[in-house]
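What follows is one structure encoded as structure tokens, with my remarks underneath.
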Amino acid sequence: MRPTKTLGQNFLHDANTIRRIVRTAGVRPDDVVLEVGPGLGSLTLGLLPAAERVVAVEIDPRLAGLLPGTVAERRPDLADRLDVVTADALRLPELPGPPPTALVANLPYNVAVPVLLHLLDLLPTLDRALILVQAEVAERLAAHPGDKAYGVPSVKAAWYGEVRRAGNVGRRVFWPEPNVDSGLVSLVRRPPPPGDRAATFAVVDAAFGMRRKSLRAALARWAGSPAAAEARLRAAGIDPAARGEQLSVTDFARLAATEPVAP
């Protein structure tokens, strides 16, 4: 077989990196771990001894078919801990068996953020996540208000929990070797801010759609007019001249909860 670029297949193979990921993720003996994109199964084999169960979601039917055999050959004593689901994680409606408690995954670079957000929304039992992503994506996910990298991924991830960088990963631990460095991102779930998630995310998308403009201008279409946007911003206690990168997820939720104003 050959790795497929369209599926973002860069397989993790370094044993030290795998041990580091399992340790950093804090996998417990009672955890049901969700792994997305197990690929050749290297990380899967590292997770199985540490967890009660591993549910591996693989979009590539070739790899999904091979994974149980790989585990049966290398760790036959742990083969009964593995469930393999052949599916696109972005379109996953549900999972079999006990609800997962942790997400630990080497996510394909091209869909890392949407997959993370979809799974956090779909599976409220996930209380933490440790994902391996492109370094630039890691920086965006873990950015705080005022940071240069702060944007839509930062705010939306923060809706679900506390996000931080958990280390850097070089290129040589993958096959094939990618053209970019990678990073680990940790998320620990906490209650979301008061408000509606969909409404908040709509404001976030609007605010960063024209991030160089003031919120009064950037949110004009969302609110109905610049004047209506200003009124709602002031009602939320936010300076209309501020920009989206200055607001926290709590600020956005408060703004989304304000009453609509006639344009």
Side-chain angles (χ1 to χ4, degrees), residues 88-94 99 103 107 110-129 131 133 136-164 185-263:
D88 180 351
L90 270 175
R91 293 171 174 79
L92 195 66
E94 58 185 4
L103 169 66
L107 292 179
N110 53 343
V111 293
V113 172
V115 165
L116 174 66
L117 297 176
H118 172 63
L119 294 176
L120 288 169
D121 184 51
L122 176 70
L123 303 166
T125 56
L126 287 175
D127 59 34
R128 64 200 185 283
I131 58 171
V133 295
E136 183 180 344
V137 174
E139 186 177 1
R140 290 177 181 174
L141 283 168
H144 295 96
D147 292 346
K148 185 178 180 181
Y150 188 70
V152 172
S154 327
V155 184
K156 291 184 177 180
W159 174 271
Y160 296 100
E162 299 291 338
V163 187
R164 64 175 181 85
V185 176
S186 167
L187 183 146
V188 177
R189 197 187 283 265
R190 53 157 171 68
D196 180 77
R197 180 190 61 81
T200 301
F201 283 12
V203 184
V204 172
D205 290 335
F208 287 99
M210 295 186 287
R211 63 182 300 154
R212 293 185 179 276
K213 294 190 175 183
S214 70
L215 286 170
R216 184 184 190 276
L219 297 178
R221 179 176 293 182
W222 166 78
S225 70
E230 179 170 348
R232 294 187 70 170
L233 285 159
R234 293 195 183 280
I238 299 168
D239 182 357
R243 293 183 177 179
E245 57 261 35
Q246 297 172 255
L247 271 58
S248 69
V249 65
T250 304
D251 295 329
F252 279 111
R254 192 171 68 253
L255 176 58
T258 57
E259 291 294 327
V261 176

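Position 1 is the first residue of the sequence, and the numbers go up from there.
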With heavy-atom distances below 4.5 Å as the criterion, would you say the side chains of K156 and D205 are in contact?
yes

Any L119 side-chain heavy atom under 4.5 Å of V115 side chain:
yes

Heavy atoms of A207 and A218 approach each other most closely as O-CB, 4.0 Å

In this structure, OG of S248 is separated from CZ of R254 (nearest 0.5 Å) by 7.0 Å

Sequence neighbours left out, what pairs pass salt bridge (charged side-chain N to carboxylate O under 4.0 Å, His left out) with at least one residue falling in residues 230-244?
R216-E230, E230-R234

F201 and Y160 aromatic ring geometry - parallel, tilted or perpendicular at 30°/60° bounds
perpendicular

Rounded to the nearest 0.5 Å, what separation is found between the CH2 atom of W222 and the CG atom of L215?
9.5 Å

Can you name the closest pair of heavy atoms from V203 and A256 and give their distance?
CG2-CB, 3.7 Å

Start with the C-alpha gap between L219 and L255, add the side-chain angles, then the distance that decides, and say whether side chain to side chain contact (heavy atoms under 4.5 Å, CB included) holds.
CA-CA 11 Å; L219 297 178; L255 176 58; 3.6 Å; yes

Hey, is the main chain of R140 close enough, under 3.5 Å, to the side chain of S154 for a donor-acceptor pair?
yes

Between the CZ atom in R164 and the NE2 atom in H144, the distance rounded to the nearest 0.5 Å is 11.0 Å

Got V155 and F208 here, is their nearest side-chain heavy-atom distance under 4.5 Å?
yes

Of all heavy-atom pairs linking A231 and V261, the shortest is CB-CG2, 4.0 Å

Flag yes if more than 12 heavy atoms outside R221 fall under 6.0 Å of its CZ atom; otherwise flag no.
no

Closest heavy-atom pair, L141 versus P153, reported as atoms and distance to 0.1 Å, is CD2-O, 3.9 Å

Nearest heavy-atom contact between A220 and P226 is CB-N, 3.7 Å

Is there a donor-acceptor pair under 3.5 Å between the side chain of Y150 and the backbone N or O of L247?
yes

May I ask you to test the V133-L116 pair for a side-chain heavy-atom distance under 4.5 Å?
no

To the nearest 0.5 Å, how far apart are CG in D121 and CG in L126?
11.0 Å

What's the spacing between L187 CG and E162 CD if we round to 0.5 Å?
8.5 Å

Determine whether L123 and L103 make a side-chain contact, defined as any pair of heavy atoms from C-beta on separated by less than 4.5 Å.
no

How close do E139 and A149 get, heavy atom to heavy atom, and via which atoms?
CG-CB, 3.7 Å

Heavy-atom side-chain proximity of V152 to V113 below 4.5 angstrom:
no

